[in-house]
Amino acid sequence: MSNRAFPPATGRVPPGAIGHNRGVVRPNYAFMPPEGVLISRLPQYKDTIVRVLAAPVLGAAFAQYVLEIAPGGGTPASFGEDGVQHFFYVLSGEVALSIDGAAAGGLAPGGFAYLPPATLFTLRNESGGPARVLALRKRYEPAPGLAVPEPILSHQDAVPMTNHTGKEGRGFQFLLPYGDMRFDFEMNLMWFKPGVCFPAVETHVMEHGLYMLEGQGLYLLGEEWHEIWAQDFIWMGGYCPQQFYPTGQDDACYLLYKNVNRDVAL
């Protein structure tokens with residue numbers, strides 16, 4: 001027997017089933033727990049860990065990320081993209097936003113910003129602690145006779161809660177102006193009291209990116225039920241059968257992207 005010394009083992013898998021994974025990727029949906037989403041970095045963000053949640057390679061027509069910005073990190077210079085709009089929602093910590101070279105203000109948890117295409121901006125963490133930001137990029141779809149929207153900087157507390165479906169115990173906060181045809185997508189906070197579910201299994205043309213913020217529940221995707229809780233992400237392509245049923249003792253909430261207000265491309 002060799003007496004060769006080996007370095008101590010690190011990163012050992014704890015006892016249990018090897019390869020156990022809650023994540024699932026199907027042709028028109030994906031369920032992704034955070035532990036399986038590996039880190040990346042992008043040249044436009046300094047001292048920032050980037051976790052890519054949705055991208056065209058998955059089948060999505062948009063891109064969504066979690067940005068983990070260290071103190072002093074963020075965009076070192078103004079950044080913008082022709083034809084591409086951005087949306088940011090602060091999950092934790094604080095960030096400062098500038099638009100077209102002018103300071104726009106700070107964003108605390110629950111704060112959000114919409115930036116129309118080609119807008120030059122900086123997003124920086126000027127605080128002493130880390131910040132986590134949910135980010136989305138989508139190519140803008142212009143429509144005849146409609147102007148491009150203006151930037152929006154706000155907080156979810158300034159957005160009214162509505163119950164436009166008539167379902168008691170189910171609330172909506174439309175972070176972008178509801179029914180404004182200039183916008184080609186929505187970002188909505190969806191709130192559920194315990195035991196209040198979708199009234200039916202939905203099957204529709206809209207695409208979704210869903211990030212779980214609070215609570216827990218069961219989510220039907222296609223023919224499979226998945227247990228979902230905070231920091232889980234779901235991508236749903238068009239016509240994916242879907243339904244949510246909250247199972248926790250407290251309210252459940254998720255932030256939902258969906259494409260709206262444009263005709264079907266032929």
Side-chain angles (χ1 to χ4, degrees), residues 32 34 37 42 44-45 48-55 60 62-70 73-75 79-81 84-99 104-117 119 121-127 129-138 140 149-162 171-178 180 183-192 207-215 228-236 251-260:
M32 296 191 296
V37 182
L42 295 173
Q44 64 266 35
Y45 288 100
T48 301
I49 288 174
V50 180
R51 300 184 188 270
V52 181
L53 302 175
F62 63 99
Q64 198 158 357
Y65 318 76
V66 172
L67 308 176
E68 301 173 4
I69 309 174
T75 52
F79 175 75
E81 298 175 273
V84 176
Q85 53 199 331
H86 292 251
F87 183 91
F88 299 102
Y89 177 90
V90 179
L91 299 169
S92 62
E94 298 180 0
V95 293
L97 181 72
S98 76
I99 299 175
L107 293 172
F112 63 91
Y114 166 79
L115 304 176
T119 300
F121 69 91
T122 62
L123 183 75
R124 296 173 180 165
N125 180 358
E126 299 174 350
S127 72
R132 295 176 64 249
V133 179
L134 192 67
L136 182 136
R137 295 167 56 235
K138 180 186 183 298
Y140 185 68
E150 298 86 11
I152 295 175
L153 184 70
S154 188
H155 192 277
Q156 68 181 61
D157 291 347
V159 178
M161 185 79 70
T162 182
F172 295 72
Q173 286 179 284
F174 297 99
L175 302 187
L176 300 180
Y178 180 68
D180 188 333
F183 291 89
D184 61 2
F185 73 97
E186 293 180 1
M187 295 296 287
N188 304 330
L189 289 173
M190 315 283 283
W191 294 88
F192 296 83
E207 181 182 28
H208 288 316
L210 183 157
Y211 189 85
M212 194 72 176
L213 296 172
E214 300 178 20
I228 182 173
W229 50 77
Q231 299 187 38
D232 286 343
F233 177 79
I234 298 175
W235 166 71
M236 289 169 268
D251 291 357
C253 178
Y254 53 75
L255 181 59
L256 187 73
Y257 158 88
K258 69 175 176 179
N259 54 327
V260 294

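FYI, the numbering just counts along the sequence from 1. Only a predicted model underlies this, so the values are computations on that prediction, with no experimental measurement involved.
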Practice item. Go through the steps to decide whether L175 and L255 satisfy the test side chain to side chain contact (heavy atoms under 4.5 Å, CB included), and finish with yes or no. Key: CA-CA 10 Å; L175 302 187; L255 181 59; 3.9 Å; yes

Exercise for review: Report the C-alpha distance between F121 and F79 in whole Å, list the side-chain angles of each, state the deciding distance to 0.1 Å, and finish with yes or no for side chain to side chain contact (heavy atoms under 4.5 Å, CB included).
Suggested key: CA-CA 5 Å; F121 69 91; F79 175 75; 3.6 Å; yes

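Q156 CD to L213 CG: the interatomic distance, rounded to the nearest 0.5 Å, is 8.0 Å. To the nearest 0.5 Å, atoms CZ (F192) and CG (D251) are separated by 11.0 Å. With rounding to the nearest 0.5 angstrom, the OG1 atom of T119 is 10.5 Å from the CD atom of E150. In this structure, the separation between OH on Y254 and CD on E214 is 13.5 Å, given to the nearest 0.5 Å. To the nearest 0.5 angstrom, M32 atom CE is 11.0 Å from I228 atom CD1. Put simply, CH2 on W229 and CE on M212 are 10.5 Å apart, with the number rounded to the nearest 0.5 Å.
Judged as a salt bridge (charged side-chain N to carboxylate O under 4.0 Å, His left out), and not counting sequence neighbours, the contacts of E81 are R137. Under the side-chain hydrogen bond (donor to acceptor under 3.5 Å, both in side chains) criterion, N259 pairs with no residue at all, not counting sequence neighbours. With sequence neighbours left out, S154 forms a side-chain contact (heavy atoms from CB on, under 4.5 Å) with F112, I152, A158. Scanning for ring-ring contact (aromatic ring centres under 6.0 Å, His included) contacts around Y257 gives F62, F185, with sequence neighbours left out. Partners of P130 under the side-chain contact (heavy atoms from CB on, under 4.5 Å) rule, at least two apart in sequence or in another chain, do not exist in this structure. Taking the ring-ring contact (aromatic ring centres under 6.0 Å, His included) definition, one finds that Y89 meets it with nothing, sequence neighbours left out. Considering only residues two or more places apart in sequence or on other chains, Q64 meets the side-chain hydrogen bond (donor to acceptor under 3.5 Å, both in side chains) condition with none of them. For E207, the side-chain hydrogen bond (donor to acceptor under 3.5 Å, both in side chains) test picks out W235, with sequence neighbours left out. With sequence neighbours left out, E186 forms a side-chain contact (heavy atoms from CB on, under 4.5 Å) with F174, Y178, N188, K258, V260. Partners of S98 according to the side-chain hydrogen bond (donor to acceptor under 3.5 Å, both in side chains) rule, which considers only residues two or more places apart in sequence or in another chain, are T122. Partners of V50 under the side-chain contact (heavy atoms from CB on, under 4.5 Å) rule, at least two apart in sequence or in another chain, are L42, T48, V52, Y65, L67. Under the salt bridge (charged side-chain N to carboxylate O under 4.0 Å, His left out) criterion, E68 pairs with R51, not counting sequence neighbours.
Looking at V95 and F88, their side chains never come closer than 4.5 Å, going by heavy atoms from C-beta outward. Residues F183 and P177 have side chains in contact (heavy-atom distance under 4.5 Å, counting atoms from C-beta outward). Side-chain atoms of V133 and L107, non-hydrogen and from C-beta on, never get closer than 4.5 Å to each other. Looking at D184 and Q85, their side chains come closer than 4.5 Å, going by heavy atoms from C-beta outward. When side chains are defined from C-beta on, Q231 counts as touching Y211, because their heavy atoms get closer than 4.5 Å.
Residues N125 and I69 come closest through the heavy atom pair ND2-O, 2.9 Å. When all heavy atoms of A60 and A54 are compared, the closest pair comes out as CB-CB, 4.2 Å. Closest heavy-atom contact between P117 and Y140: CG-CB, 3.8 Å. Taking every heavy atom of both residues into account, P109 and S92 meet most closely at CG-CA, 3.9 Å. A104 approaches L153 most closely through the heavy-atom pair O-CD2, 3.0 Å.
Under the side chain to side chain contact (heavy atoms under 4.5 Å, CB included) rule, L53 has a single partner from I234, L134, L136, L210, which is L134.
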